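Below: one structure, written as C-alpha cells.
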Amino acid sequence: MSGADLAVLQPYCENDMRLLKKISKSIFMRFNEPLSKADYDDFYSIANLTLWRAYNSYNSDMGISFEGFLCSCLQKKFKTELTRRHRQKRILNQFAVSLDGINDNAEECSLLDFLSSDFDTFEEVAKRQEGGQYQDKVQQYISRLSNEQVNILNLLIDGYKVNEICQILEISAKSYEENLKTMRSYENVKILF
C-alpha cells in the first residue's frame, strides 16, 4: 500500500478507534476467555499495533479485503497472546508446592514438618467452645474418621513425624497424604467450629 491509501485506515481510527475496538471485542467473544478491564486495554493496544502492521504488509493483490486481512491478523495475534499468558500460568503452577506434599527423598517428610507454628486445631476449638461442648464436637469429628485416620490422628497428637507414622501403621506416604486430606477436609472439620 502506498501513503496515498491512508484513507483505508480512517474508519478504524475515527471516534476513538471505535471500529477497531468493535472488531477486537467480537474476536474476544469467540475465545470465551474471561478478560478484565486491564486485559481489554492490553488487547486494544495489541490491536492498535496490529492495525499498523497489517496496513504496512497488506497488498490488494492478495485477493482479500483489508478488513478481512486485518481480522485474520488480529485473531492470530490475540491467540498468540492468550497462549503466551496461559503458558506463564502453567510455568508458575509448576513451582507451586503443597505444604502437605510428601518429600521425594528417603525421609518422606512434608514442609509442615519444618514450619514452626503454634496453631493447634484442638486448642482453637477449645477457645471457641462454651459449656463443655468441646468434647462432644471432637467426638463427632473422630466418629467421622476411619480407623486408620484415627490412628494417624493419635500418632500426630503424640508428636510422631510423617515417616514414623507411615512405618508404624505400615502405610505408604501417598496413603498417609490421602488420609490427611480427608481428615482436614471442610466436611469433617466444620463440625469443630
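Just so you know, these numbers come straight off a predicted model, no measurement behind them.
- Atoms CE and OH, from M183 and Y176 in turn, are 7.5 Å apart once rounded to the nearest 0.5 Å.
- Smallest separation of non-hydrogen atoms from E148 and L169: O-CD1, 4.3 Å.
- Between I64 and F69, the shortest heavy-atom contact is CD1-N, 3.8 Å.
- Checked by atom type and distance alone, the side chain of S57 pairs as donor or acceptor with a backbone atom of R53 at under 3.5 Å.
- A distance-only check finds no donor-acceptor pair linking the side chain of Y58 to the backbone of E67 [under 3.5 Å].
- Side-chain atoms of S26 come within 3.5 Å of backbone N or O of I23 as a donor-acceptor pair.
- Listed here is the closest heavy atom pair of C71 and I27: O-CD1, 3.9 Å.
- Here the closest non-hydrogen pair linking N48 and M17 is OD1-CE, 3.1 Å.
- A side-chain donor-acceptor contact under 3.5 Å links S24 to the backbone of L20.
- Atom CG of L74 sits about 10.0 Å away from atom CD1 of I46, to the nearest 0.5 Å.
- Linking ILVMFWY side-chain heavy atoms closer than 4.5 Å, directly or via other members, places Y44 and L49 in two distinct hydrophobic clusters.
- Under the 4.0 Å criterion applied to side-chain N and carboxylate O atoms, R84 and E81 are assigned as salt-bridge partners.
- With hydrogens and angles ignored, the 3.5 Å screen pairs a side-chain donor or acceptor of E164 with a backbone N or O of K161.
- Of the N and O atoms on the side chains of N56 and W52, not one donor lies less than 3.5 Å from an acceptor on the other residue.
- Counting all heavy atoms, side chain and backbone alike, C73 lies closest to T50 at CB-CG2, 3.7 Å.
- Scanning both residues, P11 and L19, for their nearest heavy atoms gives O-CB, 3.4 Å.
- Taking the side chain as every heavy atom from C-beta outward, K77 and F43 never approach each other to under 4.5 Å.
- Proximity of a side-chain donor or acceptor of N59 to a complementary backbone N or O of D61 within less than 3.5 Å is detected.
- In this structure, the separation between CD1 on I168 and CG on N154 is 11.5 Å, given to the nearest 0.5 Å.
- From K181, atom NZ reaches atom CD of E177 across 5.5 Å, with rounding to the nearest 0.5 Å.
- A distance of 9.5 Å separates NZ in K76 from OG1 in T80, rounded to the nearest 0.5 Å.
- Applying the 6.0 Å contact sphere to CG of N147 captures no more than 12 heavy atoms from other residues, nucleotides or ligands.
- Side-chain contact check for S175 versus N179: some heavy-atom pair is nearer than 4.5 Å.
- We find the CD-CD distance between Q149 and E178 to be 10.5 Å, quoted to the nearest 0.5 Å.
- Looking at I152 and I171, their side chains come closer than 4.5 Å, going by heavy atoms from C-beta outward.
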